[in-house]
Amino acid sequence: MKLKQYLPPARNLIIAVPWFWLALFFLLPFLFVLKISLSEPILAQPPYLDLIREIEDGFVTIVVNFSNYQLLLEDSLYLSALLGSLKVATVSTLLCLLIGYPMAYAIARSPSHWRLPLLMLIILPFWTSFLIRIYAWIGILKGNGLLNNLLMGLGLIDSPLEIMHTPLAVYIGVVYNYLPFVVLPLYATLIRLDLTLLEAAADLGCRPWKQFLLITLPLSMPGVLAGAMLVFIPVMGEFVIPDLLGGPDTLMLGKLMWIEFFNNKDWPLASSLAALLLVALILPFVLLRHFERRAEEAAA
Amino acid sequence: MNRRLPLLITILLFGYAFLYIPIVSLIVYSFNESRLVTVWGGFSTKWYGELLNNGPLLSAAWLSVRIAALTATLAVILGTLAALALVRFRRFRGRGSLEVMVTAPLVMPEVIIGLSLLLLFVAMETVIGWPAGRGMTTIVIAHTTFAMAYVTVVVQSRLAHMDLSLEEAALDLGARPIKVFFAITLPIIAPSLIAGWLLAFTLSLDDLVVASFVSGPGSTTLPMVVYSSVRLGVSPEINALATIIVGLVTLAVLIAGWVLWRQEKRNQLDAH
Amino acid sequence: MKKMFNGIKYLLPALMLSGAAASSAEELHVYNWSDYIAEDTIAQFEQQTGIKVVYDVYDSNEVLEAKLLAGRSGYDLAFPTARPFADRHIKAGLYQPLDKSKLSNLGNLDPVIMASLADIDADNKHLVPYMWGTTGIGYNVNKVREILGDDMPLDTWRLVFDPEIVAKLAECGVSLMDDPTEVFVAARAYKGLPTDDFSKSAINEAADTISAIRPHIRYFHSSQYINDLANGDLCVAHGYSGDVLQARDRAAEAGNGVEVAYAVPSEGAVVWTDVMVVPADAPNPAAAHQFIDFLLKPEVIAPITNYVAYANANTAATDLVDEEIRNDAGIYPPEQTREKLIVLKTPSEREMRDMNRTWTRVKTGQ
C-alpha cells in the first residue's frame, strides 16, 4: 500500500510508457539520421564526419553542411526517382481501389452470415509470408513460367510475354499485397451505409447507377480515402516489391535510398533523402488523421 | 440489386482468384517431383523431407515466429496504452508529440527505420553497453516500434466509437478506474486487441528490410533466408514451408471460427 | 490478462541475459558469401577445436561493408573481395593486423597471389587470400550457337556489348551484373581502352557503350543469372566464373538438356581475390585465427574448391583438387589467359560516387 504513494498516478504512466518508448526508439534514431544528413561522407568507421569538429579553449566548432539537401533538390536523378515513386504509388492505389471497391461492396451487400467468412478469405493470404507469395508470382510471371506456358499451350500467343522486370509486374505485386488494406476500411464504411437512403432514391425514380454515384460513393468517401492513404504512403517508400519484380527502369525512392546507403556508402546523402521523404509524407498524413478524428468525434 | 448480382459475384470471384492463384500454385508445386515450375515430374513429398533437414531454414522460421510473438505482445501493450492516452485524455503535456510519433512509423520507409535504429543500437552499445550486439533483442525492439503504430490505429478507432455509458455506470457504482478498465473496457475492445495482435504478428513475420539492418550474428530471420534464396535460386522446400504455413493459418482460422460460432449459439440460447 | 502483461515485462530482460550467457561458451562468428564453403568444413572445425561456429551469409560486398562501417558488427571473420573493398577497409582502419605466429600454414599460399595483394596490404598484414576467380561470360551453348552460328567466337565481350550481336540475343535473354565497377571495366576492355582510368570522361565513354545496348538487356543482377542460366531462361550472362560453373553443374544435375559454359573474354577480364579478414572490433579474434589456419590446410581447402568451383590460393592444395576441376580452364585458367586478366584499381571516393550515379542513370535508361 505504501508503495502506491511513490508510484506516479496511472494516468501519467499510460501516457509516459509509450511516449518514452517512441522517444527512445523512434525520435532519437531519427535525430541521428538528421545529424548525419548534415555531415559529409569520409572513409572511416563510421563513414561520416562528426559535426563537432573541435573543442578548444571552451569554444566548440560545429560544422553543418547543407550540400546534401542542395544536391537532392538540384540533381535530376532524385526528381526522377520521386516521379517514379509517385507514378507507381498512384497507379497502384487506383488499381487497388478499382478492384477493392467492388469486392468490399459485394461483401457488404452479401447475406450477413457470409460476410465474416468472406472477409476472412480476403485476410487469410495476408497471414502467409509475403515474400514467399511474391516468389510464387515470379514463378507465374516469368518468361518460362506458368502464365506464359498456359497462354502458349492454349495457342493464344506465339512467344512469351515479358512481364517480369517491368512496371506491370510491380503493379501486380503491389496490388496483390495491399488489396486487404483497401477492402477492409471500405467494407467498414459500406456496411454502415443506410440502405433506406437508396430505397428512398429508388422510390423517387433514381436509376441504380445514379444512386451509386450520388449516394453510395460520396458516403463511402472516408473509407476510400483511408484505403487510398494506406496504400499510397507505404508504396511511396516500398523497396522489396520493385527490387524483386521490377526492372532497372523502375527507379523508386526506396531503392535509391538503398543504393545511396549501400553502394555509394554516402550515409549523409541517404539520410537527407530519408529526412526529406519523411517530411513530405508525414505532413499530409498527420493532417488527414487529425481531420478524420475530428469528424469521428463530431459524428459520435 | 438483382440485376447487378451476377456482376458483383463475378468481380468477387475474380478478386479471390487473383488472391489465391499464387497460393494454390505454391501448394501444388510443393508436391512436384521436379525442381522446376515448368515441368510436372509427378507427385512427391520429398521436398517436405528436405525441409525437415534444412536446419538454417527451419531455425530461421522458428526465430521469426518467436520474434513475431514477442513483438505482437509488446506492440499490443504499448499501442493500447497510446490509444487510451490519445482517446481518453483530452489534453496532456506531450500530446502533440505523441500523436506525431505514433503516426510517423506508418509513413517512414523501412529503409530509414532500419538505418536509424542500427545507428541507435551501435551508439547505445558504445555508451552503455546494451544492447550487447545485435540480435533477437534488437529485432524485437525495432519491430515493436513500427508495429505499435498499427495497433494504435486499430485500437484507437474502436475506443473512439465505444459507448461510454457502461464505464460511467461502473464508476458511479464505486469501481476504481483500473478495475473499470480491466472488467469493462478491455472485454469490449478485446476484438480490436486481437486484431492488433494478429496485425503486428504478421508485420513482424514479414519484415525483411528492418531485420536486415538490425540483425546480428546468428539472428537470420525467415524473410532474410527467403530473400537470398529468391535471388540465388529457390528450392521447392520453400513451397513446402509455405504450404505448411497456409495449412496452420487455415486451421487456426477454422478453430477461431468454430469457437466464435459456438459462442454465438450459446448467446442465442441464453437470450431465450 | 494482467498477469500475462506482467509476465512479458520480465521476458525482455531474460532474453538479454540469455544472449549474454550463450556467448560465454567459446563461439566464432563467421560472415561469408552464401554457398562459399563445403558442406562439412564447419562441422570438421567444430569437432577438431570444440569451438561453436555461428555462420551467417551475405550475397553482396556492400551489405558486408555497411555492417563493418556501422561498427560492432559482432563478427570475428569476414570474406570481402580484395579490390576495391578490402583495399578501402584497410585504409578506413576496419581490420586488425593478423598475428602470423598463430597461422602456421601461411606458407602454403601462392606467393604470386600474396605479392599481388601486397600493394594494397603492406607485408600482407591484414589479408589472407581464400578463393580467386574471374568475371566473364556465361552462356547457354545450344541456344547461342543456334542464333549466332558455329563460326562466331564466343570468348569475347562482343556478346554483350556489340549492338548487332546483342540485338539478336536479346529475345533469348542477356543480363549484365549490377556492379558499376565490373561493367564499366568490361566495357572499356571491349573498346580496347585502358581499364584503370576512372575519370569522368572515361566513365562517360563506358556509359555510352552500355547505353547503346541497354534496350536489349533483360536485367542487371549479380546473382540471379545462376538460376536463370541453369533453367534455360537466360542465354548470355555477365557473371563470376564459379557462379556460372555452378549453373552448369545444376543444369547437368537437373538433366534438363541445358548446357552452360563459361568463357574468359579475350579482350581482358577482371581477376578478383576474396580474402579473409578479422574486423578490428571482433569479439573473438583468437578463434578467428584458428579458423583461418584451419582453412589454410590443403586437405580442408581442396574439398571447398571441389564444391564451390572456384580456385583457391593454396599451392599445396592443387594436387588434392579433383582432376576435372584442376583441368577446367574456367576455374584454373591457362597461362596465356592469365596474362590478359585485369587487376582492378581502386577508384577514389569521388570517382566511385560519380560512377554509381552514372550507373544508376545508365540502368534506368536516362
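Chain letters run A, B, ... following the sequence lines, proteins first, then strands; residues in each count from 1. On a predicted model such as this, the values are computed, not experimentally measured, just so you know. Worth knowing before you read on, the calculation uses all heavy atoms, side chains too, and leaves out hydrogens, waters and symmetry mates.
The shortest distance between side-chain heavy atoms of A:K265 and C:R88 falls below 4.5 Å. Looking only at side-chain heavy atoms (C-beta outward), C:Q224 and A:H165 come within less than 4.5 Å of each other. Counting only heavy atoms from C-beta outward, the side chains of C:N231 and A:K142 approach each other to under 4.5 Å. Considering only heavy atoms from C-beta on, C:E65 stays 4.5 Å or farther from A:P47 through its side chain.
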Just list the side-chain donor-acceptor pairs under 3.5 Å for residues 78-86 of chain C, sequence neighbours left out, or say none.
unit_1: C:T81; atom_1: OG1; unit_2: C:N61; atom_2: ND2; d: 2.8
unit_1: C:T81; atom_1: OG1; unit_2: C:D274; atom_2: OD1; d: 2.8
unit_1: C:R83; atom_1: NH2; unit_2: C:S116; atom_2: O; d: 2.5
unit_1: C:R83; atom_1: NH2; unit_2: C:D119; atom_2: OD1; d: 3.1

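The shortest non-hydrogen separation linking A:W267 to C:A66 is CZ2-O, 4.1 Å.
When heavy atoms are compared at a cutoff of 4.5 Å, A:L269 approaches chain C solely by way of its side chain, counted from C-beta outward. Looking at C:D281, the atoms closer than 4.5 Å to chain A (heavy atoms on both sides) all sit in the side chain, from C-beta outward. The part of A:Y78 that comes within reach of chain C is its side chain, from C-beta onward, which places non-hydrogen atoms under 4.5 angstrom from that chain. For chain A, the nearby part of C:L68 is the backbone; its heavy atoms alone come within less than 4.5 Å. Interface residue C:L69: backbone and side-chain heavy atoms are both found under 4.5 Å from chain A.
In this structure, the separation between CG on A:N264 and OG1 on C:T360 is 7.0 Å, given to the nearest 0.5 Å.
Using non-hydrogen atoms only and a strict 4.5 Å limit, no part of residues 83-91 of chain A faces chain C.
Side-chain polar atoms of C:N356 and A:N263 form no donor-acceptor pair below 3.5 angstrom.
Around atom CD of C:E171, no more than 12 heavy atoms belonging to other residues, nucleotides or ligands sit under 6.0 Å away.
Taking the charged nitrogens against the carboxylate oxygens, C:R357 and A:E260 do have a contact shorter than 4.0 Å, which makes a salt bridge.
Every residue two or more places apart in sequence or in another chain was checked for a salt bridge (Lys or Arg N to Asp or Glu O under 4.0 Å) with C:D56, and none qualifies. With sequence neighbours left out, the ring-ring contact (aromatic ring centres under 6.0 Å, His included) criterion links A:F126 to A:F181.
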Yes or no on side-chain contact (heavy atoms from CB on, under 4.5 Å) for A:D266 and C:R353, after CA distance, side-chain angles and deciding distance?
CA-CA 8 Å; A:D266 197 339; C:R353 242 168 283 144; 3.4 Å; yes
